[in-house]
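In what follows, chains are A, B, ... by sequence order, proteins preceding strands, each numbered from 1. Computed from a predicted structure; not experimentally measured.
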There are 2 protein chains.
Amino acid sequence: MANSIEANCLLCMQQSDIFRKLNDTELHSINSCRVSIKYHQGEILFKQGSPCHDFVCITQGLVKLYIESESEKRIIIGFAKPIDYIFVPGAFTDKRHHFSAVALEETTACLVGADVFQQILEMNSSFAGAFLTKISEQAIRMFEQLSSLTHKQMPGRLADVLLCLSQKIYNANPFVTSLSRQDIADMSGMTKESAIRILKTFKDDNLIRTEGDLIELLNIPMLETISRNG
Amino acid sequence: MANSIEANCLLCMQQSDIFRKLNDTELHSINSCRVSIKYHQGEILFKQGSPCHDFVCITQGLVKLYIESESEKRIIIGFAKPIDYIFVPGAFTDKRHHFSAVALEETTACLVGADVFQQILEMNSSFAGAFLTKISEQAIRMFEQLSSLTHKQMPGRLADVLLCLSQKIYNANPFVTSLSRQDIADMSGMTKESAIRILKTFKDDNLIRTEGDLIELLNIPMLETISRNG
DNA sequence: CAAACCAGGTGACATATATCAACCAGTAAA
DNA sequence: TTTACTGGTTGATATATGTCACCTGGTTTG
């Protein structure tokens with residue numbers, strides 16, 4: 001068992017830009033307090049508003065991150081897939097989660113106590129540097145999302161979402177997704193009905209093809225144009 | 001002159017959560033390469049898309065930070081006032097600015113080479129920790145803005161903006177602002193006309209009072225209710 | 001001085017989008 | 001088998017919001 005854990009941590013180290021910066025001691029100290037947990041589809045990893053004790057690193061599966069407002073509406077702000085750790089800003093401020101995370105598929109995640117993680121951040125400056133880079137990328141993505149959601153209208157927003165899913169999340173063109181239409185709507189800031197309607201117009205125009213959970217982008221240049229024109 | 005610069009840096013150190021973490025050597029190395037610049041109202045500190053060489057710290061005045069999309073529309077994502085340094089995510093990734101900064105009033109800013117700043121980040125872990133905390137707070141604010149802009153309708157969004165201006169930016173209740181109606185609209189994700197209209201309904205309901213550039217919140221509880229109900 | 005210009009402001013109108021209700025197919029439960 | 005239930009889908013309708021055109025008063029500019 002201890003062996004398989006080692007192997008697992010080493011694997012993460014090889015695959016992740018940021019864990020690569022850890023030395024043996026640090027790797028060991030993370031390893032010794034880390035807990036690996038399996039989540040089923042739909043299960044919550046952590047909930048907005050709850051106290052945050054741990055850093056979460058996804059080793060298998062896919063997780064959606066979303067904000068919920070009082071009005072029951074949700075916005076999906078991102079995803080985590082292997083090997084991503086989830087940046088939890090509350091860990092550095094009020095020790096609360098400011099968004100929720102739920103497994104879209106069978107998912108395994110490693111939990112590491114926030115204190116251990118923060119200690120290593122303090123000790124290892126190149127690790128901290130990689131961490132900063134990652135946070136910065138996320139901030140930039142956030143700007144783009146903000147801009148897309150507030151300035152584009154529905155076709156543009158949905159085109160953004162489809163391109164993002166294919167190119168950043170699934171890295172495949174016909175891709176099979178575990179996202180519901182509601183999830184797609186939550187990504188693009190509209191209602192489920194509207195999302196379905198726009199998807200239909202895209203299908204009618206031969207921009208995409210859908211078959212159950214499969215989505216294929218047939219005319220990417222056109223989708224990019226739609227995205228640009230808002 | 002050298003003396004006044006010292007005094008200025010020391011002042012910043014006393015007033016800022018993050019610069020307080022610097023030791024004498026670090027303070028000196030920042031001081032020795034720092035440039036203080038005065039900007040007039042409306043002048044650009046840096047422009048979205050341009051290369052970023054420096055970290056910017058505001059020592060006097062007020063600066064608005066905004067994203068511009070191809071469609072000429074803008075979103076104000078925040079402000080910087082004394083003593084704030086501006087977190088430029090591009091400095092850790094692609095060395096480009098991802099938003100623009102423009103002075104709303106007479107403003108003085110200190111520019112420090114990004115390399116110097118990053119060196120100190122690497123050396124001084126408690127400085128880096130304070131930096132991380134600040135970035136995290138900004139990320140959390142971003143979540144709230146995203147949620148407000150996508151889920152609330154205009155009165156709720158404008159209430160958010162007015163409360164934010166009074167409580168976080170100006171820290172005063174009748175406050176005099178250098179923001180135009182267009183700026184207020186850019187903060188709340190609507191057109192200038194819509195912003196003016198909602199402001200008028202607020203005035204008619206005695207929630208606020210405006211007189212030129214002065215805005216007074218007359219019924220804060222009600223504004224908070226409007227904000228909550230979206 | 002007049003001319004031009006700008007930000008603030010208002011009204012009429014068009015439209016993007018949400019809401020509501022209903023229907024359907026597949027699947028789980030009884 | 002029937003029932004309920006879920007997620008996807010569609011249509012009719014209401015409404016929030018943007019667009020456009022215009023007016024105002026103050027300020028700059030020639």
Results of side-chain contact (heavy atoms from CB on, under 4.5 Å) for [X] - residues two or more places apart only:
| X | answer |
| --- | --- |
| A:A80 | A:I58, A:V63, A:D84, A:I86 |
| B:K203 | B:I208, B:T210 |
| A:R209 | A:E211, A:L214, A:E216, A:L218 |
| A:L207 | A:F202, A:D205, A:N219, A:M222, A:L223, A:I226 |

Fill in the blank from the handout: Each nucleotide of nucleotides 23-29 of chain C classed B (base within 4.0 Å of a protein heavy atom), S (only sugar-phosphate) or -, in 5' to 3' order, makes -------

Exercise for the section: Between protein and nucleotides 15-20 of chain C, map the contacts as a letter string: B base, S sugar-phosphate only, - none, heavy atoms under 4.0 Å, written 5' to 3'. Expected result: -SSSBB

Handout entry: A:D54: salt bridge (charged side-chain N to carboxylate O under 4.0 Å, His left out) partners, not counting sequence neighbours
Key = none

Problem - Test side-chain hydrogen bond (donor to acceptor under 3.5 Å, both in side chains) applied to B:T108 - qualifying residues, sequence neighbours left out - result: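 side-chain hydrogen bond (donor to acceptor under 3.5 Å, both in side chains) list for B:T108, sorted by chain: B:T59.
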
Problem - Of residues 180-188 of chain B, the positions that come close to DNA chain D - non-hydrogen atoms, cut-off under 4.0 Å - result: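 Under 4.0 Å from DNA chain D: no residue of residues 180-188 of chain B.
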
Exercise for the section: On the 0 to 90° scale, with breaks at 30° and 60°, tag the A:Y170-A:F175 ring pair as parallel, tilted or perpendicular. Expected result: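 Because their plane-to-plane angle is under 30°, the rings of A:Y170 and A:F175 count as parallel.
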
Exercise for the section: Could you note down all residue pairs passing ring pair (Phe, Tyr, Trp, His ring centres under 6.0 Å) where residues 205-230 of chain A supplies at least one of them, sequence neighbours left out? Expected result: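 Every candidate ring pair (Phe, Tyr, Trp, His ring centres under 6.0 Å) pair involving residues 205-230 of chain A fails, so no pair, neighbours aside, qualifies.
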
Problem - side-chain hydrogen bond (donor to acceptor under 3.5 Å, both in side chains) contacts in which one or both residues fall within residues 93-104 of chain A, not counting sequence neighbours - result: A:E68-A:S100, A:D94-A:H98

Under 3.5 Å donor-acceptor pairs involving side-chain atoms of residues 145-161 of chain B, not counting sequence neighbours:
residue : atom : partner : partner atom : Å
B:Q145  : NE2  : B:I76   : O            : 2.9
B:S148  : OG   : B:D160  : OD2          : 2.7
B:T150  : OG1  : B:L146  : O            : 2.7
B:H151  : ND1  : A:S69   : OG           : 3.1
B:H151  : NE2  : A:R74   : O            : 3.4
B:K152  : NZ   : B:D160  : OD1          : 3.3
B:K152  : NZ   : B:D160  : OD2          : 2.9
B:K152  : NZ   : B:S227  : O            : 3.0
B:K152  : NZ   : B:S227  : OG           : 3.2
B:R157  : NE   : B:S188  : O            : 2.7
B:R157  : NH1  : B:K152  : O            : 2.9
B:R157  : NH2  : B:G189  : O            : 3.0
B:D160  : OD1  : B:S227  : OG           : 2.6

